[in-house]
Amino acid sequence: MKRVDFHMHTTHSDGSYTPEELIRYCKEKGLACVSVTDHDTMSSFEKCLQEAGRQGIELVPGVEISAQFDPGTLHILGFFLNQNDAALKNAFEDVQKARRERNPQIVEKLQAFGLDLTLEEVIHEAYGVREMPAGKQLGRPHFAKTLIKKGIVKTHEEAFEKYLSKGKPGYVDKRRLSSKTAISLIRQAGGIASVAHPKQMRLDPEKLEKEIARLVDEGLEAIEVYNSCQNAEDNKLFEKMARRFDLVMTGGSDFHGANKPGVDLGWMGDGIELSYDMVESLRNKIRHRSF
Ligand code: AMP
Ligand code: ZN
Ligand code: FE
Ligand code: FE
């Protein structure tokens with residue numbers, strides 16, 4: 001079977017593998033077709049593509065866009081989009097700027113709470129240098145890693161539960177695109193939108209169905225039924241949603257390397273392996289779309 005994984009991160013967002021390392025690891029894991037989905041940027045695409053060519057892996061252009069949502073998290077995955085699309089590039093630049101402005105604010109809030117931590121330490125933990133390298137970004141997993149390194153917390157989960165999650169002392173909201181804007185940008189760039197890890201929206205089935213209906217109105221055409229953060233029961237619910245709204249079922253590990261310990265590449269739940277049929281379904285959906 002040709003296995004696929006459509007959700008993973010490089011050092012161009014908050015993964016710990018460089019684009020080349022990640023694609024080589026895909027090869028090692030026996031994946032035939034993958035999509036690299038960095039947060040709010042496609043800057044790793046060219047490097048991934050070159051390495052994919054060397055390794056004989058099929059690479060589908062991808063991205064994961066953070067959208068406005070309360071009280072949970074709403075991430076929209078885009079696949080098959082043109083990374084040179086001007087509107088998309090502009091939107092990514094705006095969002096990256098918001099992220100850069102957020103980083104010192106997170107540090108300030110943690111310091112005000114009494115933690116001993118500097119932005120330089122986070123940058124150093126993330127990239128081994130003192131100043132932010134061009135084209136790279138910091139995400140909360142980097143803050144988590146630094147808190148572990150400094151002995152302030154023991155695990156990644158503890159860092160989020162105590163300090164970094166919504167409502168906790170180090171949480172700073174960042175400006176995000178609306179889901180409507182995110183989905184239109186993806187479609188106008190030739191791509192197809194899938195709602196990432198729906199479990200993280202933290203809604204009961206009834207509310208979830210309403211939200212999915214809204215997203216479908218906005219142009220959503222796929223749903224990430226399989227993700228390392230979702231269990232068999234979740235998968236069943238999301239499969240049901242997919243059938244209810246005629247959405248393509250996508251899946252991915254959400255691999256971040258050392259920045260998200262415990263999640264390996266290609267793993268989206270025990271016994272779950274996604275085949276190349278998923279890729280064909282996405283292509284068919286794009287080809288036969290009516291609006
Ligand atoms: P950011 O884009 O900087 O807000 O960071 C988002 C990333 O943090 C997500 O992609 C996850 O990898 C990670 N994350 C968010 N919430 C949690 C959580 N509760 N536990 C562990 N990791 C989380
Ligand atoms: Zn991430
Ligand atoms: Fe996500
Ligand atoms: Fe992700």
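Any value given below was found using the heavy atoms of this structure, including those in side chains, with hydrogens, waters and symmetry copies removed. Counting starts at 1 for both ligands and their atoms, following the listed order.
Using modelled atom types and a 3.5 Å distance limit, the side chains of Asp254 and Ser228 yield no donor-acceptor pair. No side-chain donor from either of Gln105 and Glu101 sits under 3.5 Å from a side-chain acceptor of the other. A donor and an acceptor atom, one from each side chain of Asp14 and His256, are located under 3.5 Å apart.
Ring pair Phe255/Tyr17: centre-to-centre distance below 6.0 Å.
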Validation: residues 106-116 side-chain donor-acceptor distances under 3.5 Å, sequence neighbours left out:
| residue | atom | partner | partner atom | Å |
| --- | --- | --- | --- | --- |
| Lys109 | NZ | Tyr171 | O | 3.1 |
| Gln111 | NE2 | Leu117 | O | 2.7 |
| Asp116 | OD2 | Lys150 | NZ | 3.4 |

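When the options Ile57, Asp38, Val36 are evaluated for a side-chain contact (heavy atoms from CB on, under 4.5 Å) with Cys48, the one that passes is Val36.
Under the 3.5 Å distance criterion, the side-chain polar atoms of Glu224 are matched with a main-chain donor or acceptor of His197.
Excluding waters, the set of protein N/O/S atoms under 2.8 Å from the Zn ion (ligand 2) reads Asp14 OD1, Asp14 OD2, His39 NE2, His256 NE2. Counting only protein atoms, the N, O or S atoms lying less than 2.8 Å from the Fe ion (ligand 4) are His7 NE2, His9 NE2, Glu64 OE1, Asp254 OD1, ordered by chain and residue number.
The number of heavy atoms from other shown groups lying within 6.0 Å of NZ (Lys97) does not exceed 12.
For residues 229-239, every residue pair satisfying the side chain to side chain donor-acceptor pair (under 3.5 Å) rule, not counting sequence neighbours, is listed here: Lys199-Asp234, Tyr226-Glu239.
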